[in-house]
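Worksheet for the structure shown next.
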2 protein chains.
Amino acid sequence: MKEPPTLSPEALCDALDGWKGQGFTASDCPVRDVIDHLGDKWSTLLLSLLATGPKRFGALRRAVPDISQRMLTQTLRDLQRDGLIEREVFPTKPPSVEYSLSPLGVSLQGPLNALIAWAMDHHNAIRAARARYDEAEAA
Amino acid sequence: MKEPPTLSPEALCDALDGWKGQGFTASDCPVRDVIDHLGDKWSTLLLSLLATGPKRFGALRRAVPDISQRMLTQTLRDLQRDGLIEREVFPTKPPSVEYSLSPLGVSLQGPLNALIAWAMDHHNAIRAARARYDEAEAA
DNA sequence: CCGCATCCATCTGGATACTG
DNA sequence: CAGTATCCAGATGGATGCGG
């Protein structure tokens with residue numbers, strides 16, 4: 001590779017052209033379709049947790065103390081609907097439910113972890129930039 | 001590499017431990033801090049557009065027909081505050097303003113494009129999964 | 001041309017209480 | 001234990017009009 005800091009022009013144009021309204025609306029744009037969900041406040045966190053192995057509902061709840069039951073259920077449902085995680089019910093006496101990454105979900109881990117790694121690497125730079133900006137604005 | 005579908009356990013645990021409330025709140029968690037912004041409905045799109053070269057305000061507006069002026073300004077401000085883009089004002093007769101990717105913004109392109117590529121690759125699979133889920137639910 | 005301010009509709013997400 | 005239902009506050013985001 002030379003040094004393409006950007007997506008191949010064609011691919012990007014495809015996405016953007018479509019997105020510009022030629023019958024390829026926002027919800028049909030692959031990029032937005034995925035990124036929007038990742039912005040879901042809990043999705044990436046749950047995905048990362050499940051990447052460490054299958055987990056039961058209660059285990060997830062405990063691992064993420066400040067998620068509400070409502071949001072946990074809802075986010076898991078959305079991830080399941082997108083085929084990123086799988087849900088298995090065990091008919092034990094008090095029924096238990098286990099969630100795990102699907103193959104599709106596993107395949108997302110690569111790109112996702114790249115992003116997470118970037119975030120950790122550059123977090124300080126971002127915070128510094130914000131501090132600079134806010135200070136400049138105060139003046 | 002063996003086949004680490006997950007972030008290094010240590011790194012993930014760092015992020016999650018901190019996030020679990022030990023003085024490393026949600027807004028201080030590097031992962032959420034970045035991902036949340038990318039979920040901003042327009043951020044990734046603008047970042048991708050600017051990756052193709054500097055653009056003026058009006059050019060961005062035209063390139064993204066269905067963004068409101070308000071959201072365009074606001075998103076650009078947020079990106080600028082995070083140090084991902086730079087803003088330069090040219091004192092021409094009707095003043096013009098040019099936005100461009102900062103070095104930090106350029107460094108984000110790699111991980112971001114990996115994600116975009118994944119989205120395009122697996123978009124069909126996701127849509128299929130949704131269709132399956134919705135159909136199963138209708139029953 | 002660029003951006004801000006205001007007003008207003010919608011969506012997101014949390015607290016709580018209740019069911020199988 | 002896992003999930004649903006209801007209610008409600010706050011954030012998000014669009015439309016419009018004004019200002020430099």
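FYI, side chains are in, hydrogens and waters are out, and symmetry mates aren't considered; it's all heavy atoms of this structure. What you see is a predicted model, and the numbers here were worked out from it, not measured in a lab. All chains are named by letter (A, B, ...) in the order of the sequence lines, taking the proteins before the strands, and each is independently numbered beginning at 1.
The distance from atom CE of B:Met71 to atom C1' of C:dC8 is 13 Å, rounded to the nearest whole Å. When rounded to the nearest whole Å, the span between CZ of A:Arg70 and P of C:dA15 equals 12 Å.
B:Leu45 has its side chain out of reach of A:Ile35: every pair of non-hydrogen atoms, C-beta onward, lies at least 4.5 Å apart.
Classification of B:Arg130 and A:Asp82 as a salt-bridged pair holds, one side-chain N sitting under 4.0 Å from a carboxylate O.
A donor-acceptor contact under 3.5 Å is formed by the side chain of B:Gln69 with the base of C:dC4.
Closest heavy-atom contact between B:Tyr99 and B:Ile85: CD2-CD1, 4.0 Å. Considering all non-hydrogen atoms of both residues, B:Leu47 and B:Gln109 come closest at O-NE2, 3.5 Å. In terms of heavy-atom proximity, B:Leu101 sits nearest to B:Ala51 at CD2-CA, 3.7 Å.
For B:Pro94, counting side-chain heavy atoms from C-beta on, the closest listed nucleotide (C:dG14, C:dC1, C:dA17) is C:dC1.
Proximity of a side-chain donor or acceptor of A:Lys55 to a complementary backbone N or O of A:Gly53 within less than 3.5 Å is detected. In terms of modelled atom types and a separation under 3.5 Å, the side chain of B:Thr75 and the main chain of B:Leu72 share no donor-acceptor contact. Using modelled atom types, one side-chain atom of A:Trp118 and one backbone atom of B:Ser107 make a donor-acceptor pair closer than 3.5 Å. In this structure a side-chain-to-backbone donor-acceptor pair under 3.5 Å is present from A:Ser102 to A:Gly83.
For the atom pair CG (B:Leu115) and OG1 (B:Thr44), the distance works out to 9.0 Å, reported to the nearest 0.5 Å. Rounding to the nearest 0.5 Å gives a distance of 6.0 Å between CG of B:Asn113 and OG of B:Ser48.
Note on A:Arg61: nothing from the nucleic acid sits closer than 4.0 angstrom, heavy atoms only.
For DNA chain C, the neighbouring residues in residues 73-93 of chain B, judged by any heavy atom under 4.0 Å, are B:Thr73, B:Arg77, B:Arg87.
When DNA chain D is scanned in the 5' to 3' direction for atoms under 4.0 Å from non-hydrogen atoms of chain A, the outermost contacting nucleotides are D:dC1 to D:dT6.
At its two ends the helix from C:dC1-D:dG20 to C:dG20-D:dC1 runs along axes set 40° apart, each axis drawn from five pairs and the angle rounded to 10°.
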